[in-house]
There are 2 protein chains.
Amino acid sequence: MDKRKSDVSGLPTGWIREEVVRKSGLSAGKTDVYYYSPDGRKIRSKPMLARILGDSFDLSAFDFRSGRIISSALRKRMRHDSSLVLPIRQTASIFKQPVTVIRNRPESKTKTDIKHGNQDQPKQLFWEKRLQGLHARDVMEDVIQSLELPRNVQGIGPDLTTENILQSISAALHLNSTPVLGQNANKSTLQKNPGVHIDANQPHIQQLMVSDEDIRRQELRVQEARRRLQEAMKQAA
Amino acid sequence: MDKRKSDVSGLPTGWIREEVVRKSGLSAGKTDVYYYSPDGRKIRSKPMLARILGDSFDLSAFDFRSGRIISSALRKRMRHDSSLVLPIRQTASIFKQPVTVIRNRPESKTKTDIKHGNQDQPKQLFWEKRLQGLHARDVMEDVIQSLELPRNVQGIGPDLTTENILQSISAALHLNSTPVLGQNANKSTLQKNPGVHIDANQPHIQQLMVSDEDIRRQELRVQEARRRLQEAMKQAA
DNA sequence: CGGAGTGGAGAC
DNA sequence: GTCTCCACTCCG
């Protein structure tokens, strides 16, 4: 069968994404994307998804086809004919605030300008640093310890904590529709001029090799964890 | 029961169409259409119908749901990108004949033109007159006499024979999905400028009133015919 | 009658 | 042009 199911990074847990290739007809070869809600309902479009999730979840940046959060969702709004659009400031943070529009050049010129370049909201290069000093705590108010990173995962940037690096990787895994690889430029180039050389779509780690040995070691770890879980469940039964 | 059976104007004689209304579930109120072949088989879809009729009957313009020939079936083909479509003349009678396409205006202009107005094949207003002088004959080569029309069925048009009027009514009953009423404009207006005032979707008769008395008289005639048939079958048995 | 699968109008 | 979304078909 030409189907694939997978978890969905952009939705609450329990949602499943399915991709079905059309096998015949005028649209043969095209794919349809479906979601299954935790209670098993099949969802065939974003409006239908919005109806089921209700106000509990903000879908404005959710891309139905890819199943990911796309910050460029904004781009769509900017394509409207500016003469028809209400005078609304076209940025995300204060979205829907009325503002005054002043037009003193031909409309077509204005539209051309808007089209150029990346329409995403600017992103701070090291936004993770704003979270430094904040900690999740358990019910006893004790700080929850962070994960440890493998030695070959090397952060790139000024005074990044292990948490910062994890935040950076986590955000990339959630937001990217392209592979998450890390920074391509070498460390000294990056430190000379981060504003120019850092790839803002990649996490702040050096690119690294994952060897067959790494994969084998991880498999063993998973097997061991499963064995212990099995043990624990036997004890409970 | 919510069923209706009727003859099918778009199929060879002997075929019966049935309409069944769904009574419950998510699709309550929707109807399913079935056909019964002359030998009693139940047909549930157009592909199944095509398989049974084989090449003997062209279903391309047959609309399964309504049971009628839809000349606008052509419209679908005309929407394709003209650059991808084989050079085929887009008219019904010689459909699928290769022809040469000459383009000497911008393609967008051509497409815009195609979109406007009715896409059905043009129809001669008085095509029935081309059949004048042709007669069905029985095995003895004698002309089969036409029906007589009731006095209140009045033809509208130049020198229409009784046969012409019957042909016109018959075609309308076969092709229309709307009620067959006759011409709405009055006779003198029509004769002044038929090209403007004739409704090509209606037969060439004046609209007429059918009274309760007409209906009663027709019922009596049918009852009499049935009685005579019953008589004849008794004689044969 | 349900539902997978496709068609196609409308949005972009 | 391409894509989205939902109505519809067809068969279980």
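Below, chains carry the letters A, B, ... as their sequence lines are ordered, and counting in each starts from 1.
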Aromatic plane relationship, A:Phe126 with A:His204 - under 30° parallel, 30 to 60° tilted, over 60° perpendicular: tilted
Side-chain donor-acceptor pair present, A:Glu18, A:Tyr35, cut-off under 3.5 Å: no
Atom-pair distance (CZ on A:Arg41; P on C:dG2), nearest Å: 16 Å
Below 4.0 Å: OP1/OP2 of C:dA4 and any side-chain N or O of A:Lys42: yes
Per-nucleotide protein contact string for nucleotides 7-12 of chain D, where B marks a base within reach and S marks sugar-phosphate only (heavy atoms under 4.0 Å, - for neither): BSSBBB
Rounded distance [0.5 Å steps], CE in B:Met48 versus OG in B:Ser37: 12.0 Å
Nearest-angstrom distance from the residue atom CG of A:Leu26 to P of C:dG5: 17 Å
Partner residues of A:Arg221 under the side chain to side chain donor-acceptor pair (under 3.5 Å) criterion, sequence neighbours left out: none
Side chain to side chain donor-acceptor pair (under 3.5 Å) partners for A:Gln206, two or more places apart: none
B:Ser24 side chain near C:dC1 phosphate (N/O to OP1/OP2, under 4.0 Å): yes
No-hydrogen, no-angle side-chain donor-acceptor test under 3.5 Å, B:Thr31 and B:Arg65: yes
